[in-house]
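Here the structure is laid out as structure tokens; the discussion comes afterwards.
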Amino acid sequence: MKERAKFSAAVVLLICLIAVCFGAGTVLRGEIREGRETSGQAAAVRVILDPGHGGMDAGKTGVNGAEEKEINLKIALKIKKLLEKEKIEVIMTRTEDERLAETQVEDLKERVRIMNEETPVLAVSIHQNSYHEEGVHGAQVFYYSDSAEGKRAGEIMQGILNDKLPENQKEAKANNSYYILKKTEIPVIIVECGFLSNYDEAEKLADEEYQQTVAEAVKEGITKYIEDVR
């Protein structure tokens, strides 16, 4: 009888210990969660960078022989580093010289899928421009004509580019035909960093130092937009 009483007491004690540990664990998890939310870790700002083209799709080829796909990626990677220093989460649609699908149409669809699924505060697609008249130059931003947030982001970005890049006085332009702009469900802008058809600008865009200047301007445009919508 005494042995049975001891056994029963031990079981009761064990149950009490389990209950205490469970309660303490619940409190601890709550404190950890609260601490993360307080420090901002639970609400990280997310941005998507989309270096246009890649792989067999070189995009435009500059008058100096520079390929758009390579310049796009280099600038986007520089922007990524700058944004991450600001504690902004960055998702890249590509980080290497590759196309995201077998065909150009499927490649665009995959980029749109990533943007829609990741739901960033903003997606920025990096490109280079070209025109049949060599004298045309300057960075220009495009946004979807039916997107108020896209327009806001585009105008903010264009203002920064005009401030930071010499002799750049273009205006952000609405567009309703670019696939990435019209098929996405989040604010998206396309930044055409310059004209590869202009020899002087093509030379600049192929230069690492100028790429860094462009990257810093784009990063500032992104962070200014984030501050504006908060």
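The main-chain N or O of H53 is found under 3.5 Å from a side-chain atom of R94 such that the two form a donor-acceptor pair. Remark: the backbone N or O of Y131 is paired with a side-chain donor or acceptor of S197 at under 3.5 angstrom. Looking only at distances, no side-chain donor or acceptor of N116 sits under 3.5 Å from a matching main-chain atom of T184. Judged by distance alone, the side chain of R113 and the main-chain N or O of L108 form no donor-acceptor pair under 3.5 Å. Under the 3.5 Å distance criterion, the side-chain polar atoms of K69 are matched with a main-chain donor or acceptor of G55. Although no hydrogens or angles enter the test, the distance criterion places no donor-acceptor pair under 3.5 Å between the side chain of N175 and the main chain of Y144. Looking at E67, its side chain never comes within 3.5 Å of a backbone N or O of T61 through a donor-acceptor pair. When atom types are taken as modelled, the side chain of T213 and the backbone of E209 share a donor-acceptor pair closer than 3.5 angstrom. Listed for the N129 side chain is no donor-acceptor partner under 3.5 Å among the backbone atoms of Q140. Within the 3.5 Å criterion, the main-chain N or O of S145 finds no donor-acceptor partner in the side chain of N176.
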Can you list the steps and then say if Q212 with L82 is a side chain to side chain contact (heavy atoms under 4.5 Å, CB included)?
CA-CA 10 Å; Q212 184 67 29; L82 292 168; 4.0 Å; yes
Run the side chain to side chain contact (heavy atoms under 4.5 Å, CB included) test on L77 and M92 for me, step by step, so that the C-alpha distance in whole Å, both residues' side-chain angles and the decisive distance to 0.1 Å come before the verdict.
CA-CA 8 Å; L77 288 172; M92 301 279 291; 3.7 Å; yes
Evaluate Q211 against L205 for side chain to side chain contact (heavy atoms under 4.5 Å, CB included), listing each step before the verdict.
CA-CA 6 Å; Q211 289 171 5; L205 291 166; 5.8 Å; no
Dump the intermediate steps for side chain to side chain contact (heavy atoms under 4.5 Å, CB included) on V124 and I48, then the final yes or no.
CA-CA 6 Å; V124 180; I48 286 182; over 6 Å; no
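In terms of heavy-atom proximity, K170 sits nearest to V136 at NZ-CG1, 4.3 Å. Nearest heavy-atom pair across A153 and L122 is CB-CD1, 3.8 Å. E149 and V229 get closest at one heavy-atom pair: OE1-CG1, 3.5 Å. When every heavy atom of H127 is checked against every heavy atom of G52, the shortest pair comes out as CE1-CA, 3.6 Å. Nearest heavy-atom pair across G138 and E201 is N-OE1, 2.9 Å. Between D107 and R99, the closest heavy-atom pair is OD1-CG, 3.2 Å.
Side-chain contact between M157 and I222 is present, with heavy atoms from C-beta onward closer than 4.5 Å. V63 is not listed as a side-chain neighbour of L196, based on a closest heavy-atom distance of 4.5 Å or more. A 4.5 Å side-chain heavy-atom check between I126 and L73 finds every atom pair outside the cut-off. In this structure, Y178 and S125 have side chains that are not in contact, with every pair of non-hydrogen atoms separated by 4.5 Å or more. Counting heavy atoms from C-beta on, the side chains of F142 and E192 come closer than 4.5 Å. Between E89 and V47, every side-chain heavy-atom pair lies at or beyond the 4.5 Å cut-off.
Distance check: M56 CE to D97 CG gives 12.0 Å after rounding to the nearest 0.5 Å. The structure places CD of E171 at 8.5 Å from CG of N162, a figure rounded to the nearest 0.5 Å. Separation of atoms OG (S147) and NZ (K182) is listed at 15.0 Å; rounding is to 0.5 Å. With values rounded to the nearest 0.5 angstrom, I226 atom CD1 is found 12.5 Å from R46 atom CZ. Taken from CD1 in I75 to CD in E216, the straight-line distance is 12.0 Å, to the nearest 0.5 Å. In this structure, the separation between CD1 on I180 and CZ on R111 is 6.0 Å, given to the nearest 0.5 Å.
For OH of Y199, the number of neighbouring non-hydrogen atoms (other residues, nucleotides, ligands) closer than 6.0 Å is 12 at most.
Shown are I189, N168, V191; of these, the side-chain contact (heavy atoms from CB on, under 4.5 Å) with Q158 is made only by N168.
Each of I91 and V45 belongs to its own hydrophobic cluster when Ile, Leu, Val, Met, Phe, Trp and Tyr are linked at side-chain heavy-atom distances under 4.5 angstrom. The hydrophobic clustering, which links ILVMFWY residues whose side-chain heavy atoms are closer than 4.5 Å, places V141 and Y210 together. Taken together through direct or relayed side-chain contacts under 4.5 Å among Ile, Leu, Val, Met, Phe, Trp and Tyr, I79 and V90 form part of one hydrophobic cluster. In terms of hydrophobic clustering, with Ile, Leu, Val, Met, Phe, Trp and Tyr side chains grouped at heavy-atom distances under 4.5 Å, Y143 and M115 are assigned to different clusters. The hydrophobic cluster containing L161 also contains L83, counting ILVMFWY residues as joined when their side-chain heavy atoms lie under 4.5 angstrom apart, directly or transitively.
The existence of a salt bridge linking K109 and E106 is confirmed by a sub-4.0 Å separation between a basic side-chain nitrogen and an acidic carboxylate oxygen. A salt bridge links K219 to E86: at least one charged side-chain nitrogen sits closer than 4.0 Å to a carboxylate oxygen. Using a cutoff of 4.0 Å between basic side-chain nitrogens and carboxylate oxygens, K74 and E208 are scored as salt-bridged. Ion pairing between E84 and K80 holds under the 4.0 Å rule for side-chain N and carboxylate O.
Checked by atom type, the side-chain pair E134/N198 shows no donor-acceptor distance below 3.5 Å.
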